[in-house]
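Quick caveat: nothing in here was measured; it's all calculated off a predicted structure. All heavy atoms count here, side chains included; hydrogens, waters and symmetry mates do not. Reminder, nothing fancy here: chain letters follow the sequence lines and each chain counts from 1.
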Amino acid sequence: MTTLVSVYDLPSDVSTVVRKLKSRGFEDLTTYSPAPFEEIEEAEDPKPSAVRLFTLIGGLTGVVTGFGIQIWMSMDWPIKIAGKNIAAIPPMWIIGFELTILFGGILTVLGLVILGGLYPRSLDEHYSPRFSAEEFGVVVRCEERDVAEVESLMRDNNAKEVTLAASH
Amino acid sequence: MSELDRRDFLKIVGLSAGAAAAAGCSDPADKLIPYVIQPEEITPGIAVMYASTCQECSAACGLHVKTREGRPIKLEGNPEHPINQGRLCARGQAGIGRTYHPDRIEGPAQRSGDGSLQALTWDDAKNKLAAKLGSAASKTWILGGTVGPSLDGLLDGFAKAAGIGGRLSYDSFGQQALIAASQSVFGVAAAPIFDVSDADLVIDFGSDFLDTGVSPTEHAGQLAKSRDMNAHADGGARLISIGPRQNLTASNADIWVPAAAGSEGLLALALAKAVAKKTGSNIASSAISGADIGKAVSAAGIERASFDRVAEKIASAHHAVALPPGIAAATTAGAGAAAAVLLLNAVIGALGHQLKYPASDARPVSSLKDVLALIGEMKAGNVDCLLIHDLNPVYSLPASAGFKEALAKVDLVVSFASLIDETSEVSNLLLPDHTSMERWGDANPRPGVRSIVQPTIRPLFDTQALGDTLLSVARAMGGGVADGLPAGSWKSVVEANWSDTNWRQALARGGVFEATPTRDVSVSSDAAYLRPSAPRLQGGGAFTVIAFPHSYYGDGRGAALPWMQEIPDPVTKLSWNSWAEISLKKAKEMGVVFGDVIKIETESGSIEISAFPRGGVRDDVVAIPIGQGHTVGHYASMAGDDQPGVARGANVAAILPAAHDEAGGQAFLSTSAKVSKAGRFRRLALSQWTDNQRKRGLAQEVSIHDLTKGGMAHFAAVANASEDSGHGEAAAGGHHFEGPPFEFDPKNDAEPGQPYRWGMTIDNDKCTGCSACIAACYIENNGVIVGELEAIRHREMNWIRIERYVGEGNDDVREDSERRPTPDGEILGHAEVRHLPMLCQHCGAAPCEAVCPVIATYHSPEGINGMTYNRCVGTRYCANNCVYKVRRFNYFDYGRLNWPGLLGLMLNPDVTVRNQGVMEKCSFCSQRIEAARQPAKDEGREIGDGEVVTACQQACPSDAITFGNYREESSSVSTLARQGEDRAYHALQELNTRPAVTYLAQVRREKNEGVH
Amino acid sequence: MAPPPASAVADAMNAPARPRDSQTNVDIMAVTKGFHWPWLLAFLFAVAGVLMALGALIYETYYGLGVAGYQAPVFWGVYIITFVFWIGIGHAGTLISAILFLFRAKWRNAINRGAETMTVFAVLTAALFPLIHIGRLWKFYFLLPYPNQRYLWVNFKSPLLWDVFAINTYLTISVLFFIVGLIPDIAVARDRAVGWKKAIYTIVAAGWQGTGKQWKAHNRAVLHLSGIATPLVLSVHSIVSWDFAMSIVPGWHATIFAPYFVAGAIFGGFAMVLVVMIPVRRIFRLERYITDYHFENMARFILFTSLICGYAYGAEYFIAWYSGVEPEQTSFWQRAFGPYWFSTWCMIIFNVVMPQLLWIKKLRTNIPFLFVLSFFINLGMWFERYVIIITSLSREYVPAAWGLYIPSTVELIVLSGSFCWFSMFFLLFLKIFPIIAISEVKELEIHARDHAQAQAQGGAH
């Protein structure tokens, strides 16, 4: 297998390249971009992100916990206060709501860490500071016989450089 | 076995409770040492009561001294005592503080040339005195206060045996004028005994009998009885007060006639004439026939209409009684005024009913005249040695009498004071006496009533009872001096005097109480004193100086007691200082506002004092309380505020002439003065912002007409009542009354299964505002004394206060926008003051509970609004949300700082000493509820009605407070609330806090016609 | 096996050209580099202030709250006022980042980092005050429902407890939101740092490399966080307002409080953003990124919210009058004409009258004027809380128990200390992390370039 590293200036080019490569069956590719661009994400992976699940689960856990602890604690230490019921529900909505938000938020971030693959053991071999400047990168792993095809495809779409990384 | 365990447990609890309290006040290093051999009568944790007698004033009320583990912790009234019948006034309550006071003199001492004190042993001390007496007995005088019969006898005996030059027992509030008048009018050398309990009309000629009279606690009780709405449908006795200043009695009067100072005598005679004409009295007296109503009225500076009104009231009354002028109205013609009032009593037929004469004559008491004579002797150098006991003449005598200067001429001045005072400061030899809590003694307030003073604690310091000192000195003198005196100790002397009684029984009861034997008297129609002479006023000046006695300070000795300083004066609501009352009008003219310092100059001297402008005084007077302005003492002077030697307020004695009435008694109303702005401002601690209740119906009022019409819902009554008091439709203001207030929400106010819902009824109609309840609460609940600086910042820690409002107030939103308190609602001649005891209302739906984040305050199953100090973090949200503003916050660690001297020893072990940073408030004396619970539990029954008596209820002289169980239909609280349904209301009812305190609205018996 | 194409080999021979860094990176990271006198002075001043406040606090805790100005019946004072003040400030950031993000108001990108930073540290400051305020500081943990052997729990009916939860939630969420937004920028910093700084950045950057996968998750996370932060930010100040509205005190017990407080918070928060960002822009020369256009938009917002505040003030007085309840009416009369009239008029003039000048475009775009105005608005907002808390408490149901409150020196020291505490953190942040959201700015720039390119090609065809 060989790895081709190509560099671009514009997100539109990147998205085209990615789309074309994918359509030709080159699935094993990674894009690097200095800022979020939806067209690139679209091209790379049209499926909606699963972060939403984390948020949902977090929120539900939160509301249940919120009411849970309030009702239980009130019952566990039952004291008459201001002539109100021991476990009066109306005031519980507030803390119930707050915990919904709290848990939802925390799990959302957890989702980001897991799904975004944050905290990798080390940075990618082909990642370079220029990608945190203003340039975009597309890294493709392909059979050596396909190198020419991929490279030409890249160059056709304004790749500034195409580098053939050491093959393994 | 288990029984034994319980006992041990109880002991431990009791001891540790004591230790907890002790740790609260003294060095935490103190060790807890259990009894090795436990005294028989003491069970740790259980209070022991001893009967004794209050020595604060001459009324001599009976006490029950509550002791815990051998320490007196509270004074309560002795129910068997005929004088106070179980009640006790504020000063009586506070009297316990003397024993533990930081001002205590710890042992005999001698003053050296440079003024410093060297401690002596008692032997040296008595030998010194003995030697002196041996050489100069004839040039030795004894100057003392009035004391009990035993000590009086011993002093006389000693004086005789030792050949003392002379002895005076002086009381600056003595009744010489009254006794002389009685002598002159009825030929009886005794003070009359007044009983208003079955009167239907009481006319007070400035005796202020509810507050500073002869026996306030007794008379307040009697008046409450004669005005009890539940006993008298017509409202019972009417009270008419005559005098230039609205004192506490006038505040409670139905009609207040603001007559000029010193006009009492003329008015009394004029009234006698007017009434005699109406009733056709058979008393023929030239004084009456000679009286000139027109002159009297103009002299009194009142309107004829109000005179006629009073005369009409008297004529139509069946059991009227007139009370003679008191200290504040004691003029140079005092005997004449008293005589006139006595004659009036004869005319209205009070003689033998509301006014009786004891069978025996009064014990002679020396008068100011005698004291002036002594001073003359001293100045002449004829006095070589002066023994001073139970008196503080350097402070209390008029400065112009020159006692202090004369004292310098005396070689040896001996003070027997147990607390340092101005006199002991200038004495050469100090032989400190025990306090009344440590010594034996007795009192004889009136024939037939003999009361014992017994020690309830081992002497705390190296002091000695005056009796013992005298005896030992006599023995030390040798030469057979002691032979004329009883052998043995002072105790045996007292016992000997009681040998005619069953001593042990007397001890247990507190004395021997028999009906006072009385005698019939007849009017000697043309008595000498009945030539009414106008009182002489020294000097010129627009203002007549009214030096009025204060129920807290007495002749000045009360000022040493912290509670008497901290508790606001019932009339002005001021504390911690003295003040000068001038009329709003005059204040406006002089450009003086509350707190401005004014200069009061008389021929005898001048003082500077903060002004208190109010509507309740005539324009031609300036009124100053007697008893403040001490320069010595932790609380009495500014010493406690780190300003030793600086006077707290001003001593009115500095501007009074040494004038006396015909009989020699001091004439306090004897000078006029010039008043001018001093240009300074000194803020006073005024505990109450305003006397305008803004028609919020906090202190409500019902007019007697509506009540007798009967059955009408009370808020309508309030509306009408307020029309009566001339205010348009008043505090009906939003107080929509649903159902009788003594019914509670059974589900929430207390647990449904519970037999109890503790609650309280307060009858505002009975409350006189005397503030005895406040003192009782402070002492029962270890209340904190915060001092003047903190009091000025409204940081008082009282759990019960008495709010004083004038009428319904007005709801003009613009009122009271000043930065300074403005209690200025009073109108001269209007009697519409309302007193509202305010304490935690223990609401069923308490605003404070809902907001506490940590449940430090909660609702107990028995309906009490509990406060858990240990749980409180001090967010103070509860205090903000309390609509009655009865919650108190511990701004500092008072537990550590607040009990100087040994005051910590009198802490109540049953009540926690609060920690820095926590809230506190009235607990309905839960410790007393618990005390009652155990026996009830043992007998397997519920706590019965009247078994729990809160401290405030116990003290109240007029029985205004009732505590009990609202769940019990027959309990006194329920009954009262039901009986008084027309008057019953809850404070701020429209907020629906469902309080456990039910107020019974004050009754307006007479309309305020606003004439004067 | 076929040989690789020559061209590729050729490229592989000559090393790839050195990556040129983007101007944006350079400019914005420049803030964290180098040495600025104003910064150092400000920082030292802040630290000194914090130390002083700390001393005052220790003194107060030892001797008791008596050293503060509290006197019955006013049991809440400067501390609660300042607490509400800072919580209010802490609303602008989240509002800008979350709500404007949802509305896709792209102009926010330049200022949202600054605003968020302010938010986090403002809430951090506010959260101290309930503790400073309580009578027994050392027992603050009683406020938390922590398991204990006596099974004592807390009172869920108390608005103060709602506060505990609301504030902690808000603090957590805004910090998370803040860090999530920060990660890509820290990656930038990491790639350009050396030595210990690199080490730190490497940890915080969480291995960010801007892969498609990461951006996808990141966008989602930001979207969801904005989604939940929006109701949160509204709830928090509502709950704070219920500390008052849920009570029975005349002047507090009003249904308008929640919206009134939220509007006030946004108002004051935006003003504070200006107070903070105008000098920052000036000192660190960020005019290219934070333009007058941004400030003008802020000004518009301030004008809008000031109108809401004005309405709320008016409504309060109207209802007090309309209710016919005398205690309520008295309370409000005393506000305007009683002992505390000055605070009320400061509030009205600074918060309602002065902002009306923003109708004038000339003033709206005059940066010095904006700075001064914002300063006064913050003053006015502090006084607003002063009015609400102090005057209401000083005139309650029992006239006999009325009173006044004058702040003590200790309280004022702690108050000024809170500003130093806030500044200290903000200044430190300036020197370590980018104060402008680099990636978001780039997003806009590159988009623009891309667009231009497309235009050009379109023209060619």
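- Interface residue C:Trp138: only side-chain heavy atoms are found under 4.5 Å from chain B.
- When each of C:Leu160, C:Val74, C:Leu137 is checked for heavy-atom pairs under 4.5 Å with chain B, C:Leu160 comes out on top.
- Within the 4.5 angstrom heavy-atom criterion, atoms from both the backbone and the side chain of C:Phe142 approach chain B.
- The aromatic rings of C:Phe342 and C:Tyr386 lie tilted to each other, with the angle between the two planes from 30° to 60°.
- Minimum heavy-atom separation, C:Ser331 to C:Ser392: OG-CA, 4.2 Å.
- Proximity to chain B (any heavy atom under 4.5 Å) is shown, for C:Val164, by neither the backbone nor the side chain.
- Formation of a donor-acceptor pair under 3.5 Å by the B:Tyr877 side chain with backbone atoms of B:Pro853 is not found in this model.
- For the pair B:Arg814 and C:Trp333, the distance from NZ or CZ to the six-membered ring centre is under 6.0 Å and the angle to the ring normal is within 45 degrees.
- Among the candidates B:Pro821, B:Pro823, B:Gly874, the residue making the largest number of heavy-atom pairs closer than 4.5 Å to chain C is B:Gly874.
- Most heavy-atom pairs under 4.5 Å with chain C, from the set B:Asn692, B:Thr875, B:Ile855, B:Asn880: that is B:Asn880.
- The parts of B:Asp816 that come within reach of chain C are both its backbone and its side chain, each placing non-hydrogen atoms under 4.5 angstrom from that chain.
- The two atoms that bring B:Ser817 and B:Val813 nearest to each other are OG-O, 4.5 Å, heavy atoms only.
- A cation-pi geometry, defined here as NZ or CZ lying under 6.0 Å from the six-membered ring centre and within 45° of its normal, holds between B:Arg795 and B:Tyr891.
- Cation-pi geometry between C:Arg395 and B:Trp689 is met: the NZ or CZ atom falls under 6.0 Å from the ring centre, inside 45° of the normal.
- Ranking C:Val249, C:Asp163, C:Val154 against chain B, the residue ahead of the rest is C:Val154, based on heavy-atom pairs under 4.5 Å.
- Taking every heavy atom of both residues into account, C:Trp153 and C:Pro145 meet most closely at CZ3-O, 3.7 Å.
- Residue B:Tyr858: no heavy atom, backbone or side chain, is found under 4.5 Å from chain C.
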Run B:Arg696 and B:Glu808 through salt bridge (Lys or Arg N to Asp or Glu O under 4.0 Å) and show every step you take. CA-CA 8 Å; B:Arg696 290 179 184 182; B:Glu808 295 293 344; over 6 Å; no

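- Contact count against chain B (heavy-atom pairs under 4.5 Å) is highest for C:His133 among C:His133, C:Gln329, C:His253.
- Looking at C:Phe244, only its backbone comes within 4.5 Å of chain B, counting heavy atoms on both sides.
- Using a 4.5 Å cut-off between heavy atoms, C:Leu152 contacts chain B through both its backbone and its side chain.
- The environment of C:Tyr146 atom OH is dense: over 12 non-hydrogen atoms of other residues, nucleotides or ligands sit within 6.0 angstrom.
- Ring-plane geometry between C:Tyr260 and C:Tyr313 is classed as perpendicular, the angle between the planes exceeding 60 degrees on a 0 to 90 degree scale with a lower cut at 30.
- Between C:Tyr317 and C:Phe332, the ring planes are perpendicular. Angles over 60° get that label, and only those under 30° would be called parallel.
- With a threshold of 4.5 angstrom between heavy atoms, C:Glu396 approaches chain B through its backbone and through its side chain.
- Here C:Pro327 is the residue among C:Ala401, C:Pro327, C:Gly403 with the most heavy-atom pairs under 4.5 Å with chain B.
- Neither the backbone nor the side chain of B:Glu796 comes within less than 4.5 Å of any heavy atom in chain C.
- Contact of B:Arg871 with chain C is made through backbone and side chain together, with heavy-atom distances under 4.5 Å.
- Contacts of C:Trp321 with chain B are absent, with no heavy-atom separation under 4.5 Å from either backbone or side chain.
- Both tests hold for B:Arg876 against B:Phe889: distance to the six-membered ring centre under 6.0 Å, angle to the ring axis within 45°.
- Heavy atoms of B:Arg819 lying under 4.5 Å from chain C belong to its backbone as well as its side chain.
- Proximity to chain C (any heavy atom under 4.5 Å) is restricted, for B:Glu815, to the backbone atoms N, CA, C and O.
- Interface residue B:Ala850: only backbone heavy atoms are found under 4.5 Å from chain C.
- Counting heavy-atom pairs closer than 4.5 Å to chain B, the top residue among C:Gly338, C:Gly64, C:Ala68, C:Pro399 is C:Pro399.
- If you tally non-hydrogen atom pairs under 4.5 Å between each of C:Asp243, C:Leu161, C:Val325 and chain B, the highest count goes to C:Asp243.
- Aromatic pair C:Tyr79/C:Phe83: centroids not less than 6.0 angstrom apart.
- In this structure, chain B has heavy atoms under 4.5 Å from both the backbone and the side chain of C:Tyr70.
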